[in-house]
Structure formats: structure tokens, C-alpha cells
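These notes concern the structure reproduced below.
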There are 2 protein chains.
Amino acid sequence: MTQLSPVGRPLRPQHKVLQEDARRHHRALILQQLFSDGPASRADLARATALTRVTVSDLVGEMIRDELLEELGAPAHDPAQSRVGKPPTLVGFVPEAAHIVCLDLSVEDTMTGAVTNLAGTVLSRRSVDTRGATGPDALALVHRLAADLVAEATRPVLGVGVGTPGVVDTEGTVLDAPNLGWQDVHLARSLHEALGLPVFVANDANTAALAEHTFGHAGEGGLMLVRVGKGVGAGLILGGQLLHGHRAAAGEIGHVVIDPAGTTCACGRVGCLETVLGVPRLRQRLEHDGPEALGRVGELLGTVLAPVVGTLNLHELVLSGPTDLLDGPLREATAATIRRNTMAVSGDHLVVRTSTLGEDVVLVGAAALVLAGELGVS
Amino acid sequence: MTQLSPVGRPLRPQHKVLQEDARRHHRALILQQLFSDGPASRADLARATALTRVTVSDLVGEMIRDELLEELGAPAHDPAQSRVGKPPTLVGFVPEAAHIVCLDLSVEDTMTGAVTNLAGTVLSRRSVDTRGATGPDALALVHRLAADLVAEATRPVLGVGVGTPGVVDTEGTVLDAPNLGWQDVHLARSLHEALGLPVFVANDANTAALAEHTFGHAGEGGLMLVRVGKGVGAGLILGGQLLHGHRAAAGEIGHVVIDPAGTTCACGRVGCLETVLGVPRLRQRLEHDGPEALGRVGELLGTVLAPVVGTLNLHELVLSGPTDLLDGPLREATAATIRRNTMAVSGDHLVVRTSTLGEDVVLVGAAALVLAGELGVS
DNA sequence: ATTTGTTAGTTCAGCGCACTTACTAACTCT
DNA sequence: AGAGTTAGTAAGTGCGCTGAACTAACAAAT
């Protein structure tokens, strides 16, 4: 499994397991439980994780000392069932235990950043007009923005997460990001060296997918998020983990040819998905041909995605972008086409929806990246 | 990642890590190394796994006592480099340490089985004409065949692996296999109860993909195997692990619609991949329209797979089935179409090839299933 | 009011595992 | 012959989890 590693704490050559790792893992199990299902007693946690009460007590005690958890007293008494025995003391996750600094570099001519708490709630934001800066200049802007946000945090900073356009490897190196004029930019490393914090970098569609998985009401099965902006990209969560792909280019779906009779793309090919699904083109079509044109785009999208949905037996397909364009005939036609073009097992249980996180998907996903990397919560 | 669990040794509720697990994992690391790169000294293993020499010595000693490994003496001296220091003693994997019983239920009207060693070499085989048996009758035949093969093994049997058509969940329950008339058949459980051995069951295309990954010369990146028989199915290895999908139906690609203007499929839809790529149809076409017809089929296949390859950023695409049909214009057209329809990052590093394992892919894959499940080797 | 039973949480001794440190073994090069 | 180097082993340490036995705090039965 390609595991994302923060800079400054590289994974060991192979994946040998130290006892220390076991402990971190068990902490993560408990955190995950409290994170997704809310407060619980130590005994509940023991049952849920299959750890013993002793171990749970120990771990919880440690995390309470770290101020990651807090005791919440006895649960509200439910008179329906006679609660025999000593009443439990609830333990809960403390979202304000630390802050996360996250950046979204995917918006054109703008860099957005925020400080969030551990629940992904945005506490403050900042943005910079890039004025077309690229290469080292763009990198400097990122550094500046990140540093400002770190200074703004009022609690210890757990880490820095970045969602950027382009192809990003698991080390946090941006291999290629044409918009920003970056090639082989060691973004994570350089930020880590400047800030002394754990830094995680991923492609914007990937962080968006992670956001949906962590903070959206996503199910257990596989999830694919298609991000529709000026360009089109996708992120996949399979088995609870981000998929990176052989050359770190998983999700690069914008230049899959879908309409060979269509218009020429910037990449030179004819009829790339981007030339059909990109926002500018969608707006144009909507104006020209009305809403039913969106339905036709949905059919095309469904046709490209049907093989993917069928092959991966996905559970959820999330569309992220301007809701007025996506959440109508387009979504419906996409869903219908996929169902029509795949087997019942694949299609019938598929959920096709738009993102629940709005404009902040990428940003909040960057936070989720840190959460997953540092605390093992997702 | 959904981990496959043998019957009779269920995974613990969550995934807590015991010390015992750590040890098993480290044993697996060493085995994996010896399995894929051949004999090595303890010191080499320590370097490769990042374990200490002490730990490696301990683990190796244990495995030598278990007769899984053996000492091979000093390595052939290479006069090129001056080998200073104490000469190492090589340690090697013993393929004959145990035998594996594997079954292939995917061939029509036939059940094939074999006894293999740990290297996947077939030592003896057996097959049964099913004479159209379905349901409990077919199950009885499987039991009989498995028992006979277990009796034939001349070494302790590591486990039983089964590759079957249909949808199989991670517990080894065949949810649906029309050809065999099976629905919710607890195949793994019933075989385990009858034989008292670990049993692993997976879809035939999945075992085939695993075979290619374990015994073929597969790379590290993602692999997809498309199995072309009377029907069409696929198996995926991502991050070194089999993908199961939300409803255990990953790889069910045979009924993705590819040619809406084509012929009606048994499933009711029009133009399923199976109606184009199924062997009977291919033979028909070849006879009627000559080899170039295969090229056209390749183009269709490439069109369905391009989105998948692009989305997953796959490394290898393996075609498995009658080589005379697949390994010519069809393969070439598929590769060309995928490259034409995807970005350079996705397409340029993709390897499209036919299977190197011939008729036995599914069978040998069933062995790989056991190997992976019991020894953690893949 | 006391006893009984149940559940929550803690204390303590013990065990398995991999680690560090320090050793011996066996070879090459000078 | 001695110095240097690499492979492998022995002994002791520390970490993290476990089971068993404890205390605490309640409900229900007597």
C-alpha cells in the first residue's frame, strides 16, 4: 500500500512493525472510533477495538494527558433500559486539541489557506492573489502564506496540508503542475524545512476525495470524486486509502478522450473530457442549448465512468464543482447512464451525488490529509 | 484494504496489532524477499528488511526449524570484487516445504485441480467432467476433487485455494455464480470443515490477476488482468493487493456496455463487452472478417479500458485467454487505443501484454491465494 | 438495609518480541 | 602475524499488551 509519509519522518525502507508502531496504530483505532462515532466510554472503546480494557485505559490516559481527549462525565441516563453496574465515564475527542494549517492552490490566480481545528472546522482564512506568479515566485508565495497561517494558529499546529493542481508523488514532490510552472518541486520538503512541521502534499482532486471520505457522509466502499473546474480531475479512495497509481498520476482523467468528434483540447488531442466537462464549456453550452445540454454531457460522463465504476465496484461517485451546473440533469444523466451501462451489482448500489462540502473541499481535504497522516484518522 | 481471511482463522474485529502479528509480518518480509529475489545471507536480509541481524537470525532459525528455509552454504565467489570479512552463508526458500491444493472451477463443464509446491509448480493434476452438475451436486464434486488432491499431496498441505466464476466475497462465500447454479454458497467454510485446512476462495479473474502478480514478471505498479473466455472478467491488483470492491464485484467488466449498436447479450442489455470480446464471438469474427476484425475489437476494448487505465494510472494490463486471438492485432490495437485516449503519464508507461502463465493462470493463482494468505508472500 | 450481581475502570506481575551491546568466527589485505 | 572487515550469536533491556485480581459504583432482589 502506498502510504503517504510526511517529510521529516520517512517510512522505514520496508514496512517492519515496531511495538511503537503498534501503539500508534492502537491510538489511531481509538481516535478513529471517537472521531466517527462520537464520545464513548473506555469499555465501549475496548469492545469496539478488540483491545482490552486495560490497554484502552492506558492509551486513553496517555491521550488525555496529551489533551487530545477529555473526560465528559456520565452519559445521559436512558430510562428505557435499566443500566445495571457502575455507570461509565464518557471520553471524547477534543477538536481544539491542535490546529491544522491547510492550503488550496487549485484555484486560478489565487492561493487560499486556512487554519482549522481537528474537526476540519475553518477558524480563519487568508488568500493571496498570485498575479500569475509561477515557478519559484509561486513557491515563495506558498511559503509566505503558510508561515502567516502558522503564526495565526492559537494552538499547537499538528501539521500543514496542501492541495495543489498537478501530479504529486507520495513524498510530496510536485512532479508536474503546468498552471504553477512547477516541475519536480519538493514542496513538502521545502515547507517542512522552513516551518519545522510535518507537511503533506497531494493533488487537489485527491485531497477533495479525502475530504469527502473523512468529513462527508461517505460509506465504507470505494469512493471516486470528480472535480469539475476549469480542468477536470479525479481522486479515489479505495479501502479507506488514497490511490496514487504507478506514476502518481491516479485520477488524471481530464484528458481521457470521450468525444472523438469534439473540439480540440489544449493538450493537442481531440475531445478530451475536459473539453466537454470543463466549467467554461459547460456554461457556454448551458447558455446556448439550455439545461438539456447538461444532460447530454452527463451521458458522456457516464459513458467514461461506467467502465471505472464497473471495474472497481465503487460505492460512491461524488461530483464536485459549481452545483448549479452539476446537481441537476448532469448528475441524473450520469447516474442513469452508468446504471444502464453496467451490471446490476455495480450500478444498483452506486450513489451518485454532489459534494457536501462546497467551496472548501480541497482546503478541508488538505486538513484531512494531515489528520490521516499524523493521527491515523480518516 | 480488505484483507482476505481464511476460514477458521477470522480476522479480529478491528485490526489491532499483536506482537504475534508483528512476528508473522516480519517472517513474511523475509520470506517475500527470498521468494522474489532468491537466496540471500542473513545479513543481506537484515539490510533488505531493515530488521536487525539478531532478529533476522532468530526468525530465520525458526523458519529453518519449520523446514521452510534451508542453509545453502557460501555463495559462489565472485573474483571481481574482493570479498573481505567473514563469508556469508546463504539461506534459501524451500519450495517443497509444503504443498498447496488448488482448484479451477472456471472452465465450462470441467473442474480442474492440482497439487503444487510453494513455487507454484504443478506436481499433479486431476479433473472432473461436471456433466452439467449445478448447485449441491457441483459442490459435492468440488469436495470430492479437493479431498482426492489433499490425499495425493506428499507433503503437509499449506492450504486449499479455489478460483471460481461468479461473485465471491472476502469470506469465501460465492454470492452468485450462475454457471454453477450457486447463490450464497459458503464454499470456503464448507471445504474448511470437511478438510480441516485453511481455504481461500476468489473469483477466477482475481486469482488469475494474483497469479500474474506473484508468478509472472509483474512490476510494482497496479495490474489489471482481463480474462477472455466464454465470458469476460477482470481482476485488479492495486498496491500489491487484490481489489474486492464494495459488493465484492470488482472486475465485473463483462457486462459494461461498449457497443450500443451491437448485438443483444444474455443479460438483456445490448452491446456488452462480452458480446464483442467473448471467445465464441471472436472466433466467429475472425472467420468472417479476418484478422483486422480483431483490431477493431481491440479498439473497442481500448476505449472501455482507457478511462480505467487513466483513472488508476495502471502499470500493466494483461490479457489472458486464447493467445492466437489475443496476442496479435487485438493486443496492439488495445494498447494503441489506450495510448491515444489517455494522457502521456498514463499511457506511456503502460505495459500491455498477454499472460505468461498459459492455461494454468487461474489454477496457479489459486495457489498464490494460499501463499499470500498463509505466508504473506505475493 | 443488606446482599447479590453486574459493569467500569485500575493495579500488578508476566510474557513475547525486537532492540542494543558486546562478543566470536572467518576471511582479506598489508 | 596483525589489522581491518563482515557474518553471525549471546545476553540483557525495554516496550507494550495480556490475564487475573482488585476496587468502585450502581440496580435489583431479599
Side-chain angles (χ1 to χ4, degrees), chain A residues 12-30 39-65 69-92, chain B residues 12-30 39-65 69-92:
Chain A
R12 279 166 297 280
Q14 275 286 337
H15 303 303
K16 74 166 167 175
V17 176
L18 265 40
Q19 299 175 262
E20 180 193 336
D21 297 316
R23 192 152 180 95
R24 212 193 344 270
H25 180 77
H26 294 156
R27 276 178 68 129
L29 278 182
I30 293 177
S41 72
R42 293 168 172 83
D44 290 335
L45 291 170
R47 280 185 287 266
T49 58
L51 294 163
T52 61
R53 291 205 307 273
V54 181
T55 306
V56 170
S57 271
D58 190 24
L59 288 164
V60 164
E62 195 177 280
M63 290 193 275
I64 287 177
R65 274 194 300 285
L69 304 183
E70 62 182 353
E71 286 202 336
L72 298 172
H77 188 255
D78 176 8
Q81 60 204 38
S82 74
R83 300 271 300 144
V84 58
K86 173 181 170 180
T89 41
L90 290 185
V91 173
Chain B
R12 280 167 296 279
Q14 275 286 336
H15 302 302
K16 74 165 166 174
V17 176
L18 263 41
Q19 300 174 247
E20 181 192 336
D21 297 315
R23 193 156 181 92
R24 213 195 340 273
H25 180 77
H26 293 157
R27 275 177 68 128
L29 279 181
I30 292 177
S41 72
R42 294 166 172 85
D44 290 335
L45 291 170
R47 282 184 285 268
T49 58
L51 293 163
T52 61
R53 291 204 310 273
V54 180
T55 305
V56 170
S57 269
D58 190 24
L59 288 164
V60 164
E62 194 177 279
M63 290 192 275
I64 287 178
R65 275 193 298 284
L69 303 183
E70 62 182 352
E71 285 202 338
L72 299 172
H77 187 255
D78 176 8
Q81 61 205 32
S82 74
R83 302 269 299 143
V84 59
K86 173 180 171 180
T89 41
L90 290 185
V91 173

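Here the structure is a predicted model, which means the values were calculated and not measured. Every chain is numbered from 1, with letters handed out A, B, ... down the list of sequences.
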Find the distance B:Arg53:CZ to C:dT21:C1' and express it as a whole number of Å. 12 Å
Find the bend of the helix from C:dA1-D:dT30 to C:dT30-D:dA1 as the angle between its two terminal axes (five pairs each), to the nearest 10°. 10°
Mind checking the CG-OG1 spacing from A:Leu45 to A:Thr55? Nearest 0.5 Å is all I need. 12.0 Å
Should B:Thr52 be listed as having a side-chain N or O under 4.0 Å from OP1 or OP2 of C:dA18? no
Picking from C:dT7, D:dA25, C:dC19, the nucleotide nearest the side-chain atoms of A:Leu18 would be C:dC19
A:His26 vs D:dG16: side-chain N/O to OP1/OP2 distance below 4.0 Å: no
Is any side-chain heavy atom of B:Arg53 closer than 4.5 Å to a side-chain heavy atom of B:Arg42? no
Looking for any heavy atom pair under 4.0 Å, which part of the strands does B:Val56 touch: base, sugar-phosphate only, or nothing? nothing
Over how many whole Å does the gap from B:Glu71 atom CD to D:dG8 atom P extend? 8 Å
Describe the nucleic acid contact of B:Ser41 in one word from base, sugar-phosphate, nothing, applying a heavy-atom distance below 4.0 Å. sugar-phosphate
Examine D:dC17: is either OP1 or OP2 under 4.0 Å from a nitrogen or oxygen in the side chain of A:Arg23? Give yes or no. yes
Starting at atom CG of B:Leu51, determine the distance to atom C1' of C:dT20, rounded to an integer number of angstrom. 15 Å
Atom-pair distance (CD on A:Gln19; C1' on D:dG16), nearest Å: 6 Å
Among the candidates C:dC19, D:dC17, C:dT11, find the nucleotide nearest to the side-chain atoms of A:Val54. C:dT11
Using side-chain heavy atoms (C-beta onward) and a distance below 4.5 Å, is B:Pro88 in contact with B:Pro75? yes
Any idea which of D:dA27, D:dT5, C:dT10 is nearest the A:Val84 side chain? D:dA27
Min side-chain heavy-atom separation B:Val17-B:His15 under 4.5 Å: no
Rounding to an integer number of Å, can you tell me how far A:Lys16 NZ sits from C:dC17 P? 16 Å
If we only count heavy atoms from C-beta on, is the A:His26 to A:Thr49 side-chain gap below 4.5 Å? no
Minimum side-chain heavy-atom gap A:Leu59-A:Leu51 below 4.5 Å: yes
Atom pair distance, as rounded to whole Å: CG in A:Asp44 and P in C:dG9: 8 Å
Taking the nucleotide of DNA chain C with the closest heavy atom to each, which residue, A:Pro88 or B:Gly85, is nearer the 5' end? A:Pro88
Atom-pair distance (CG on A:Leu90; P on C:dT7), nearest Å: 17 Å
From the list A:Arg24, A:Arg23, A:His25, side chain to side chain donor-acceptor pair (under 3.5 Å) partner of A:Asp21 resolves to A:Arg24
Nearest to the side chain of A:Lys86, heavy atoms from C-beta on, is which of C:dT7, D:dT9, D:dG19? C:dT7
Testing A:Val60, A:Leu72, A:Asp44 for side chain to side chain contact (heavy atoms under 4.5 Å, CB included) with A:Val91, which one passes? A:Val60
Closest to the 5' end of DNA chain C, once B:Thr55 and A:Ala43 are matched to their nearest nucleotides, is A:Ala43
Quick one: A:Ile30 CD1 to C:dG9 P, roughly how many Å, whole number? 12 Å
Has B:Ser57 got a side-chain N or O lying under 4.0 Å from the OP1 or OP2 atom of D:dA7? no
